[in-house]
Asks: 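Have a look at this one before I ask anything.
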Protein chains: 2
Amino acid sequence: MANIRDVAKRAGVSITTVSRVINNIDPVNPETRLAVEQAMVELEYVPNQLARGMRTRRTNTIGIIIPEFVNSFYHELFQYIEEEAALTGYSLFVCSTREHTDQGIDQIKELISRRIDGIVLCTYRGDVRMLTYLEQVAGDIPVIFLDNLGRDYQVNTIYTDGFTAMEKMVFHLVDLGHTNIAFIKGLEQYPVANDRFAGFKHGMEKNSLAVDQSYIFEGDYSLQSGYMASQYFFEQCPKGPPDAIMAASDLMAIGAINYLLSKGIKIPQDVAVTGYDDISLARLMVPSLTTIAQPIRDIAKQSMNLIINSKEARAKERKHLVLEGVLKIRHSTDPTKPKVVELDLE
Amino acid sequence: MANIRDVAKRAGVSITTVSRVINNIDPVNPETRLAVEQAMVELEYVPNQLARGMRTRRTNTIGIIIPEFVNSFYHELFQYIEEEAALTGYSLFVCSTREHTDQGIDQIKELISRRIDGIVLCTYRGDVRMLTYLEQVAGDIPVIFLDNLGRDYQVNTIYTDGFTAMEKMVFHLVDLGHTNIAFIKGLEQYPVANDRFAGFKHGMEKNSLAVDQSYIFEGDYSLQSGYMASQYFFEQCPKGPPDAIMAASDLMAIGAINYLLSKGIKIPQDVAVTGYDDISLARLMVPSLTTIAQPIRDIAKQSMNLIINSKEARAKERKHLVLEGVLKIRHSTDPTKPKVVELDLE
DNA sequence: TTGTACGCGTTATCAG
DNA sequence: CTGATAACGCGTACAA
């Protein structure tokens, strides 16, 4: 594979000149430039980013840590980040998080060893040791958490305000006349789950509605747990079936809907169902799912901004961005909305 | 950030010794080793992979090109590859494919500039210019296509035999007594789509069943097109409704099911439905979906093998692996199977 | 068992 | 406008 020296030789110039052409930073004689460019084409020259990274201490690479979840929200988030990164000239280096906590730390070391320019953590399931390690790393490299992970880590954070969003959702359901609202929450150990649950409770209070324990089901963000939740609500719940079910994630809402459809229970006539995340399936399924859209485009954009700025401004202070979720009203709560969302809609 | 020299100084040895400890290649005095290791911990030393890659011409990195599809099959494939790569000490460098064909080529150049050790292309939608470029690149770096992309490119290929799988599926349906079998195929421009369709036709022939044009619908692998297909079969098809629908992808099958459920049509009593891919949703939805499982674990494993072997053996010959799909019989064709697949099943 | 010295491919600095 | 040269951090002959 040709290197800069080969190009220089072929173009009859010094490597410095070639470098200048590549980075077009200093003025170069047009003719010289042309000769260099031609040489590069002829030799199929591709600059070596390793060498470049050594010199410049920048690799134009973001390390991203994603969970191996079935929940496609994380895949979609990942895609947006990749896209946004590409727009600003960055590429992604990926680590999936694995079972063992030691591995989490190894993953981060792996990223550091590649001298990535920033780390983005996409998960609500942070192991404390790993998070603490990331906090320490944040002294050298910009680190961003894309979820509420509990206590105030000294890193940048960006996430959607689940509390307010869920409150909004309660109001939406109450507007439609629902009063017996059940909630499928996530595991209590996860702050994101609690935010959403707290928002639900607060929304209920504001509407003078009681929160009945028998209308609360703890799921684990999986489709199955959503199924089991609505099965519980409809078959075992002492209060009898609710007239609306709010789930803390789309996946659980879809699981709940699967149960309802299998029993011939009508949505939203018999029971309204809502989700959270607005994964693409929410828009594509039948009935279309009312949910809270996380502003993933924004999350992705702001992540990149944060990384670029922390690099350039050497800004030591951490930013904490809380973005607003958007209520998407669809057929699963509002029968006047199309049962199937059209292709080019939105 | 500490470098190898700092570690050497602190441990009172030469950098060579430190290097030896890191790579534990040559014998090192146990005491010396201990001192070095301690120094590494104290300085929080993390080896610089850029420098290492320059010297060794290996980066332990695989470049992966994935499409920005909604189809979660590709996400799952991606996860398995990541996992398999991690097991063999590799990490993933990601590029999403974008609209413009020039960008496809730029993506590959980007990967080359990072001096990745291999390229894995995960898409059925290869633009010819990009594929041709990859073919050329394959002279220097192992390249693997994970789909049937048409003509015989001089690269490694691994994919599932859609022809035989679909044939198998026809036999399964015929065994259950179905004779009016409709097929939702993919766009004709894609070889993968044609393999599956051809397998369907061949299976029908073998069973002396006519392939009626009005029972063929061309979709685009999207959920929506599956929905439209079954709508067509049940509302407009001149032959009247089929008693089984085979889709060339799970996503289309799920779309078809969405329509059927919304109309109260019973699956599989009124109509059986089958998919292809075995995305996780196929197992999690209600009714559970009969489908062809692509052996993604194998695909991922073999991909890594191929890359490692081409590297080491300098093997110039290309391998073409065709793996077998596995028929997963579930409730959408066989009512004796559980409607909901249990958590720990499989 | 350990150390010295060179080179991997690039950019930054300085001198022309 | 151009060129020579010193880093960047590491691995590895070769020498000791």
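Per chain, numbering begins at 1; letters A, B, ... match sequence-line order. Computed over heavy atoms, backbone and side chain alike; hydrogens, waters and symmetry mates excluded.
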Asks: Check the phosphate of C:dT4 against B:Ser14, side-chain N and O only, distance under 4.0 Å to OP1 or OP2. Yes or no?
Replies: no

Asks: One character per nucleotide, please: for nucleotides 8-16 of chain D, 5' to 3', B when the base has a protein heavy atom closer than 4.0 Å, S when only the sugar-phosphate does, - otherwise.
Replies: BBBBB----

Asks: Are A:Phe69 and A:Tyr124 an aromatic pair by the rule of ring centers under 6.0 Å?
Replies: yes

Asks: Roughly, in whole Å, what's the span from CG in A:Asn60 to P in C:dT10?
Replies: 15 Å

Asks: Less than 3.5 Å apart, any donor N or O on the side chain of B:Gln294 or B:Thr160 sitting next to an acceptor on the other?
Replies: yes

Asks: Counting only side-chain nitrogens and oxygens, does A:Thr17 get under 4.0 Å of the OP1 or OP2 atom of D:dG3?
Replies: yes

Asks: Could you pull out the closest heavy-atom pair between B:Glu76 and B:Ile296, with the gap in Å?
Replies: CB-CD1, 4.2 Å

Asks: Can you confirm whether the side chains of B:His75 and A:Gln79 place a donor and an acceptor under 3.5 Å from each other?
Replies: yes

Asks: Could you check whether any side-chain heavy atom of B:Arg33 comes within less than 4.5 Å of a side-chain heavy atom of B:Arg20, counting everything from C-beta outward?
Replies: no

Asks: Are the ring centres of B:Tyr159 and B:Phe145 closer than 6.0 Å?
Replies: no

Asks: Mapping A:Val18 and B:Pro30 to their closest nucleotides on DNA chain C, which lands nearer the 5' end?
Replies: B:Pro30

